[in-house]
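In this chain, numbering begins with 1 at the start of the sequence shown.
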Amino acid sequence: MVWTGTWVSDRLGIELAGDDELRGLLGLALRRNPKRAHLLVSGVLGKHVPQHPSVVHDHGVGLGRRVRALLGADAAARAVVLGYAETATALGHAVADGLESAPYLHSTRRPVASVPSAGGFEESHSHATSHLLLPEDPAFFDRGGETDRGPLVLVDDEFSTGNTVLNTLRDLHGRHPRDHYVIVALVDMRAPGDAGRLAAFAEETGARIDVVAHARGTVRVPEDVLARGLRLVEEQDSRTAGTPAHRRPAAPPTRLELGWPAGLPDGGRHGFTPDHRARLREALPAMASRIIDGLGGPEQAGRVLVLGFEELMYAPLVLARALEETGLDVRFSTTTRSPVLAVDDPGYAIRTRLTFPAHDDPADGPGERYAYNVAGGGFDTVLAVVDSAADTPALHAPDGLLARLGTAAPRVALAVVPAHTPAPRTSDWQEPTVLPAPLRGPDFSSYEPDDVGWLLQDLSAVRLEAPVEEREEAVQRGGAHYAESLPVEYQPTAEYQELYREALAGSAGRIARAVGTVTELVLAERSPRPVLVSLARAGTPVGVLMRRWARHRHGRELPHYAVSIVRGRGIDANALRWLAAHHDPADVVFVDGWTGKGAITRELADALAEFPGFDPEIAVLADPGSCVRTHGTREDFLIPSACLNSTVSGLISRTVLRADLVGPHDYHGAKFYRELAGTDVSRAFVAAVEARFDEVTDAVDQQVKESASADRAPTWEGWAAVERISEEQGIHDVNLVKPGVGETTRVLLRRVPWKILARRGADADLAHIRLLAEQRGVPVEERDDLPYTCVGLIHPRYTRGATGADGKAVGSA
């Protein structure tokens with residue numbers, strides 16, 4: 001028999017090495033995913049490949065029995081099992097079956113307003129990355145008591161890099177520490193270095209970590225496999241473009257009544273107890289009989305595929321097994337979110353694909369869903385099993401799942417399991433509506449999808465830009481807020497771009513040292529499982545770099561999001577609600593690029609007074625204003641990301657808050673300037689700084705050691721200096737005084753500048769400031785008494801008449 005990984009292996013050079021049974025368990029396919037080229041396709045999981053339900057269930061139960069033997073009876077009686085959505089929800093449930101007395105929970109991507117989150121983590125390579133933990137029982141992870149918690153068993157279909165498991169362990173160990181974890185997978189495909197990271201976590205925490213798997217091996221992947229895989233997918237798509245799909249007239253589906261026991265959960269999304277297991281086992285024979293009768297008996301049913309629905313895998317699986325035990329010819333598989341290339345070749349694991357719209361009103365918005373290897377499978381009947389939340393008009397639409405199944409089999413039936421919704425319980429954090437998932441590149445921003453999730457709404461199609469002079473006049477007259485429009489994006493001259501490149505070359509090492517220092521302080525002092533939340537947009541490049549440092553130095557995959565905060569209007573409350581629903585607010589660390597006088601620091605503290613649980617202290621790269629404890633440096637030096645606008649910040653605009661565009665349940669808005677891709681240096685900036693990480697490691701360690709024993713309490717020296725300058729210059733408004741290199745650059749790029757104050761002798765950090773000032777006709781005054789490298793002053797009484805029609809000349813009020 002041809003191995004179902006041959007087609008991919010021959011073309012991309014991907015190889016499986018390991019146990020003899022590895023190729024019998026796994027085939028290969030190509031993902032439609034910019035993060036990873038290949039997909040390991042399990043033949044015994046019941047996700048992409050239809051399989052006998054007894055084979056699927058027995059593999060999980062067998063793993064559970066091995067865990068039980070490993071733990072011993074006493075420890076097994078106190079264990080809890082956690083499975084991963086969506087692929088391993090049934091596998092984890094079957095492992096719990098093998099343990100017999102263990103309660104079960106699986107992660108989910110479906111938020112439920114009535115259930116506060118007990119945690120969350122990221123699966124960085126996945127098509128949909130964010131996982132929620134929503135147990136109905138708030139003490140689910142404390143079985144055995146807080147002082148004697150039983151082992152936690154984590155179940156996934158494959159153990160590849162270990163990133164997802166490590167993210168989970170760090171999150172849960174911080175909340176519910178215990179001394180024993182067991183990682184369970186069908187296949188353990190870790191490289192030696194990945195295994196070392198798990199051992200390092202065990203040493204760090206003092207916990208014992210065991211791994212149980214059916215088979216072990218590694219995947220050997222050529223360095224250029226991602227680019228070659230994407231090209232291969234494009235080639236296959238071009239060959240099949242325009243090929244008409246074979247369709248047969250779709251008969252109306254037969255709706256079958258299961259008689260599902262009242263109050264019995266449909267799976268482990270909110271927890272499944274041993275008592276639930278006993279009730280389900282007792283009810284299965286009667287439900288199987290109803291299905292067979294509804295199909296007109298075994299002969300009428302013929303060869304049957306029971307098709308589950310995304311996370312809803314276990315209930316369809318055990319229903320399929322109950323049918324199999326009556327003698328029916330049954331296979332089992334499940335629909336999925338994951339986009340995979342289909343190739344009709346015996347040496348390829350995904351032969352056919354049915355595509356249909358999502359039909360459960362997902363929180364992250366509409367999108368395509370898939371059923372693989374159903375068409376061409378020779379099935380006489382396909383029984384689709386969904387929960388009641390997914391039994392929507394979209395399911396029954398002409399292009400919906402049921403209609404698509406009708407093109408693949410002569411007969412389609414539908415069974416609906418009641419979706420279990422726990423009763424509401426008191427929580428400080430319940431979303432009034434289901435908020436959208438974060439936006440990610442390449443659809444929104446030029447950053448890698450893993451680098452940052454933007455908790456913003458995309459206003460790219462809205463005209464928001466206005467000339468700088470018009471905006472300044474409207475803002476100063478009180479007729480508009482600066483966040484209601486955008487300045488026209490500054491397009492740097494060739495001379496200015498060269499200054500940026502020189503600045504980056506000269507300061508990349510200094511930035512890398514500050515990035516390392518602030519990240520190490522966050523990891524040591526703020527949270528064992530920090531969630532980075534950068535203040536868009538100046539904080540975002542810093543958040544990306546902090547995430548890269550944690551991965552480079554510690555193998556840690558820190559979640560990172562960007563949110564909007566607007567002076568005078570506060571932080572985006574809906575973004576905070578999303579964060580609180582997906583992460584512990586105590587783990588959130590707000591990140592910004594630099595402090596000036598500390599206005600945003602104060603704004604954040606005031607805004608968070610209404611959102612208990614969040615720590616208002618910002619972590620910044622540079623703190624020349626002495627406004628925060630957690631910083632990489634207090635020097636006022638040139639951070640090259642301050643030199644440009646969107647082209648160094650993922651092509652994202654400054655954030656927008658306007659009543660006609662942002663409703664009460666919307667995120668603040670921003671634009672994605674796709675048209676500026678030709679001048680984008682966002683990734684190049686990050687890469688240039690990341691390339692210096694190794695050389696600054698010793699300096700970072702020394703700086704962190706010194707910082708740990710130093711008095712870092714904020715003195716607010718910057719605020720006092722700004723007040724003094726405001727009075728000296730006759731401005732009498734601290735909002736028009738912008739201290740520091742970064743803020744001065746913003747004045748020159750976005751506002752109508754009046755004059756620039758520069759510390760004498762600070763030329764190395766001021767070349768771009770002097771060039772911008774020259775281009776705009778703004779005077780630069782040398783000073784000996786500045787606590788900052790420079791200070792930008794916005795014209796205090798601006799009208800276009802006062803400064804000239806071009807906004808350049810300084811005139812009397």
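Although no hydrogens or angles enter the test, the distance criterion places a donor-acceptor pair under 3.5 Å between the side chain of Arg66 and the main chain of Ala213. Formation of a donor-acceptor pair under 3.5 Å by the His582 side chain with backbone atoms of Trp578 is found in this model. Looking at Arg337, its side chain never comes within 3.5 Å of a backbone N or O of Glu368 through a donor-acceptor pair. A donor-acceptor contact shorter than 3.5 Å links the side chain of Asp266 to the backbone of His420. In this structure, Trp260 contributes its side chain and Leu264 its backbone to a donor-acceptor pair below 3.5 Å.
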Practice item. Determine, stepwise, if the pair His57 / Asp97 fulfils side chain to side chain donor-acceptor pair (under 3.5 Å). Key: CA-CA 9 Å; His57 192 230; Asp97 287 350; 2.9 Å; yes

**Study point:** Worked verdict on His173 versus Tyr181 for ring pair (Phe, Tyr, Trp, His ring centres under 6.0 Å)
**Key:** CA-CA 10 Å; His173 194 78; Tyr181 298 92; 5.7 Å; yes

Exercise for review: Give the intermediate values and the outcome of side chain to side chain donor-acceptor pair (under 3.5 Å) for residues His48 and Ser42.
Suggested key: CA-CA 8 Å; His48 304 89; Ser42 172; over 6 Å; no

Practice item. Take Asp179 and Arg208, measure what salt bridge (charged side-chain N to carboxylate O under 4.0 Å, His left out) needs, and give me the verdict at the end. Key: CA-CA 6 Å; Asp179 57 15; Arg208 173 182 170 184; over 6 Å; no

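A salt bridge (Lys or Arg N to Asp or Glu O under 4.0 Å) with Asp142 is found for one member of Arg78, Arg149, Arg175 and no other, namely Arg149. Among the candidates Thr335, Leu405, Asp399, the single residue satisfying the side chain to side chain contact (heavy atoms under 4.5 Å, CB included) test with Phe356 is Thr335.
Annotation: side chain of Pro362 is in contact with side chain of Arg369 (closest heavy-atom distance under 4.5 Å). Considering only heavy atoms from C-beta on, Leu280 comes within 4.5 Å of Tyr314 through its side chain. Between Thr87 and Leu45, some side-chain heavy-atom pair lies under the 4.5 Å cut-off. In this structure, Val531 and Leu558 have side chains that are not in contact, with every pair of non-hydrogen atoms separated by 4.5 Å or more. Residues Val452 and Leu532 fail the side-chain proximity criterion, which asks for heavy atoms closer than 4.5 Å. You'll find the side chain of Asp572 stays beyond 4.5 Å of the side chain of Leu455, heavy atoms only. Counting heavy atoms from C-beta outward, Leu82 and Thr168 have side chains that approach closer than 4.5 Å. Using a 4.5 Å cut-off on side-chain heavy atoms (C-beta onward), Leu198 and Leu169 make contact.
Expressed to the nearest 0.5 Å, how far CD1 of Ile565 lies from CG of Leu604 amounts to 4.5 Å. Rounding to the nearest 0.5 Å places CG of Leu317 at 9.5 Å from CD of Glu324. With values rounded to the nearest 0.5 angstrom, Asp584 atom CG is found 11.5 Å from Leu579 atom CG. Separating the CZ atom in Phe140 from the CG atom in Leu105 is a distance of 4.5 Å, to the nearest 0.5 Å.
Counting heavy atoms of neighbouring residues, nucleotides and ligands inside a 6.0 Å radius, atom CG of Asp361 does not exceed 12 of them.
Every ring-ring contact (aromatic ring centres under 6.0 Å, His included) that His59 has, sequence neighbours left out, goes to His214.
Pairing each heavy atom of Ala536 with each of Ala562, the nearest pair is CB-CB, 4.3 Å.
When ring centroids are compared, Phe309 and His359 come within the 6.0 Å threshold. Between His583 and Tyr561, the distance separating the two ring centers is shorter than 6.0 angstrom.
Look at Arg277 and Glu100 and you find no salt bridge, because none of the NZ, NE, NH1 or NH2 atoms lies under 4.0 Å from a carboxylate O. A salt bridge is absent between Arg109 and Glu310: the closest approach of a Lys/Arg side-chain nitrogen to an acidic carboxylate oxygen does not fall below 4.0 angstrom.
Of the N and O atoms on the side chains of Asp210 and His180, at least one donor lies less than 3.5 Å from an acceptor on the other residue. Side-chain contact, His396 with Asp391: a donor N or O sits under 3.5 Å from an acceptor N or O.
Note: Phe590 and Phe614 have tilted aromatic rings, judged against thresholds of 30 and 60 degrees for the angle between ring planes. Ring pair His93/Tyr104 is tilted by interplanar angle, where 30° to 60° counts as tilted.
Sorted by first and then second residue, the salt bridge (charged side-chain N to carboxylate O under 4.0 Å, His left out) pairs involving residues 50-60 (not counting sequence neighbours) are Asp58-Arg321.
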